[in-house]
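Note sheet for the following structure.
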Amino acid sequence: MRMTARRIRLPRLRGLLEGPRIALALRTAIAAALAWYLAPYVPLAEDDYSYYAPLGVLVSMYPTLAGSARSGMQTLVGLAVGIALGFGGIAVTWLGAPGIVALALVVGVGVWLGGIASLGAGRDWVAMAGLFVLLLGGATPEEFSLSYIVTMAFGVAVGLLVNLVLFPPLYLRQAAARLSHLRDAVAGHLHDVADAVAQHRISSDQLAGIVSDLRTTVEEVTQAVEDAHESSRANPRARGHIEERDLNSRRLHALERTVFSVRDLADVLARADEEGTSPERALKPLTAAIHAVAELVAEPAGTERAAELLRAADQALADYTAVLDAAPTATGPTAVPSDVASELTAAVCLRRMIDASRPFV
């Protein structure tokens, strides 16, 4: 039974119940507790600043191992820049400037330096670290600064170690599932388009809604695949999953091509409807061709039925183009009737969809 395509909608609280999120919370809690317990033994750091160790864990714990390493390093670089900025503020007060002027300079310059895109997660820490050094450094800002950055670095290291040891996340299967949801959504929308063509109820608003839903879904799935790829970087659990990662990439590329063609098909059908050039003679074969392509798109890769569906889609498209070839030509040596032109464009869109699915048969 065919199901009408619906946009993938995730309940707002669903993310709280997902396994990866719960696992991230548990890893972060364990790492923060471990960092707090070991912080007093960190060399070159004062015990009074042990609370910066679990803070270092928090800034470094990302859903992926590579993301955690990147965020941790960027934060430490931002802290280093901020500490230098804080000493600059202290120097301003030594030169006789009021403290409020030094504070304004540190905050202003810190926020300005936060515009450096390469600092990444460390951008927000520049002004904060400078402010901490200026206001909390006291009579020995160098001791505070050393303890601050060393303890934070220790927390980052603990976070990375825990993320590495305690089942580092690998999101390849989740990405594959999202790709399957996208595949089903594309196929369902194609069936909807075919039904609309068959029943003479093509609506520009409906087609625009289909295009909008697909665009949003593709963006969400693309992000999921990118997250899965990042989760495999430097991840020991990724060994033996290279083919799965590559398959996700190829599936995403094929589905992006298919969605692009669906958008083109929807556009040409909408324009034909607005211009009153919707064809009558090719209505049935066009409907059959769209349904056949939808069935091919919906079939998982590598099944025996996929080969049959590919042949059926090729035949349905051939039947449709045969009707187009028999269409009368317009006056003039190169003129093409507007309805035939739209039909030819529709045929090209369907051919691109078939070709995108062909490597997975």
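The basis for the numbers below is simple: all heavy atoms, side chains too, and nothing from hydrogens, waters or symmetry mates.
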Derivation and outcome, side-chain contact (heavy atoms from CB on, under 4.5 Å), residues D264 and V268: CA-CA 6 Å; D264 277 357; V268 71; over 6 Å; no
More than 12 heavy atoms of other groups within 6.0 Å of I242 CD1: no
Side-chain touch R123/I116, heavy atoms, less than 4.5 angstrom: no
Chi angles and distances behind the side-chain contact (heavy atoms from CB on, under 4.5 Å) call for V156, V57: CA-CA 5 Å; V156 168; V57 169; over 6 Å; no
V111 reachable from I83 in the ILVMFWY side-chain graph, under 4.5 Å edges: yes
S212 side-chain N/O to G209 backbone N/O, donor-acceptor pair under 3.5 Å: no
Heavy-atom donor-acceptor pair, Q74 side chain to A121 backbone, under 3.5 Å: yes
From CA spacing to verdict: side-chain hydrogen bond (donor to acceptor under 3.5 Å, both in side chains), R352, T258: CA-CA 7 Å; R352 289 202 305 251; T258 301; over 6 Å; no
CG on L310 to CD on Q315, rounded to 0.5 Å: 11.5 Å
Non-hydrogen side-chain atoms of V133 and V106 separated by less than 4.5 Å: no
Check: S232 side chain, L172 main-chain N or O, donor-acceptor pair, under 3.5 Å: no
Carboxylate-amine/guanidinium proximity below 4.0 Å for R215 and E220: no
Exercise: do Q199 and D195 side chains pair donor with acceptor under 3.5 Å: no
T217 and H181: side chain donor to acceptor below 3.5 Å: no
I100 atom CD1: more than 12 heavy-atom contacts under 6.0 Å: no
Stepwise ring-ring contact (aromatic ring centres under 6.0 Å, His included) test for F144 and Y49: CA-CA 8 Å; F144 169 81; Y49 304 113; 5.1 Å; yes
ILVMFWY cluster, L134 and L105 together (side-chain gap under 4.5 Å): no
Rounded distance (nearest 0.5 Å) linking atom CD of E308 with atom CG of L296: 12.0 Å
Donor-acceptor pair between Q223 and D227 side chains, under 3.5 angstrom: yes
Ion pair check, K284 and D319, cut-off under 4.0 Å: no
Closest approach of A53 to A35 (non-hydrogen atoms, all atoms of both residues): CB-O, 3.6 Å
Within-4.5 Å side-chain heavy-atom neighbours: P40 and S50: yes
Side chain R178, main chain V221, donor-acceptor under 3.5 Å: no
Worked verdict on D314 versus R311 for salt bridge (Lys or Arg N to Asp or Glu O under 4.0 Å): CA-CA 5 Å; D314 279 330; R311 289 191 293 270; over 6 Å; no
Check: D124 side chain, G114 main-chain N or O, donor-acceptor pair, under 3.5 Å: no
Close side-chain approach of W125 and V59, heavy atoms under 4.5 Å: yes
Minimal non-hydrogen separation, I90 against P141, with atom names: CD1-CB, 3.5 Å
Intermediate values then yes/no, side-chain contact (heavy atoms from CB on, under 4.5 Å), H191 and E295: CA-CA 8 Å; H191 282 304; E295 293 292 340; 3.3 Å; yes
Rounded distance [0.5 Å steps], OG in S145 versus CZ in F132: 12.0 Å
Nearest-0.5 Å distance, CG of residue L207 to NE2 of residue H189: 11.0 Å
Polar side-chain atom of T151 near backbone of Y148 as donor-acceptor pair, under 3.5 Å: no
Taking every non-hydrogen atom, the tightest pair across A298 and A187: CB-CB, 3.5 Å
Nearest-0.5 Å distance, CG of residue L161 to OG of residue S68: 12.0 Å
Test item: F360 and R250 side chains (from C-beta on) under 4.5 Å apart, heavy atoms: yes
Closest non-hydrogen atom pair between S71 and S60, with its separation: OG-CA, 4.4 Å
Test applied, side chain to side chain contact (heavy atoms under 4.5 Å, CB included); reference residue, L265; option that passes from L190, V348, V293: L190
Working for side-chain contact (heavy atoms from CB on, under 4.5 Å), residues D355 and R358: CA-CA 5 Å; D355 290 341; R358 195 180 301 277; 3.3 Å; yes
Derivation of the salt bridge (Lys or Arg N to Asp or Glu O under 4.0 Å) call for E256 and R251: CA-CA 8 Å; E256 285 176 335; R251 289 182 66 194; over 6 Å; no
Pair E299-T303, side-chain donor/acceptor within less than 3.5 Å: yes
Rounded distance [0.5 Å steps], OH in Y320 versus CG in L350: 7.5 Å
Least distance between heavy atoms, V297 atom then R183 atom: O-CG, 2.9 Å
Atom OH of Y37 with >12 non-hydrogen neighbours under 6.0 angstrom: no
Over 12 foreign heavy atoms within 6.0 Å of CZ, F260: no
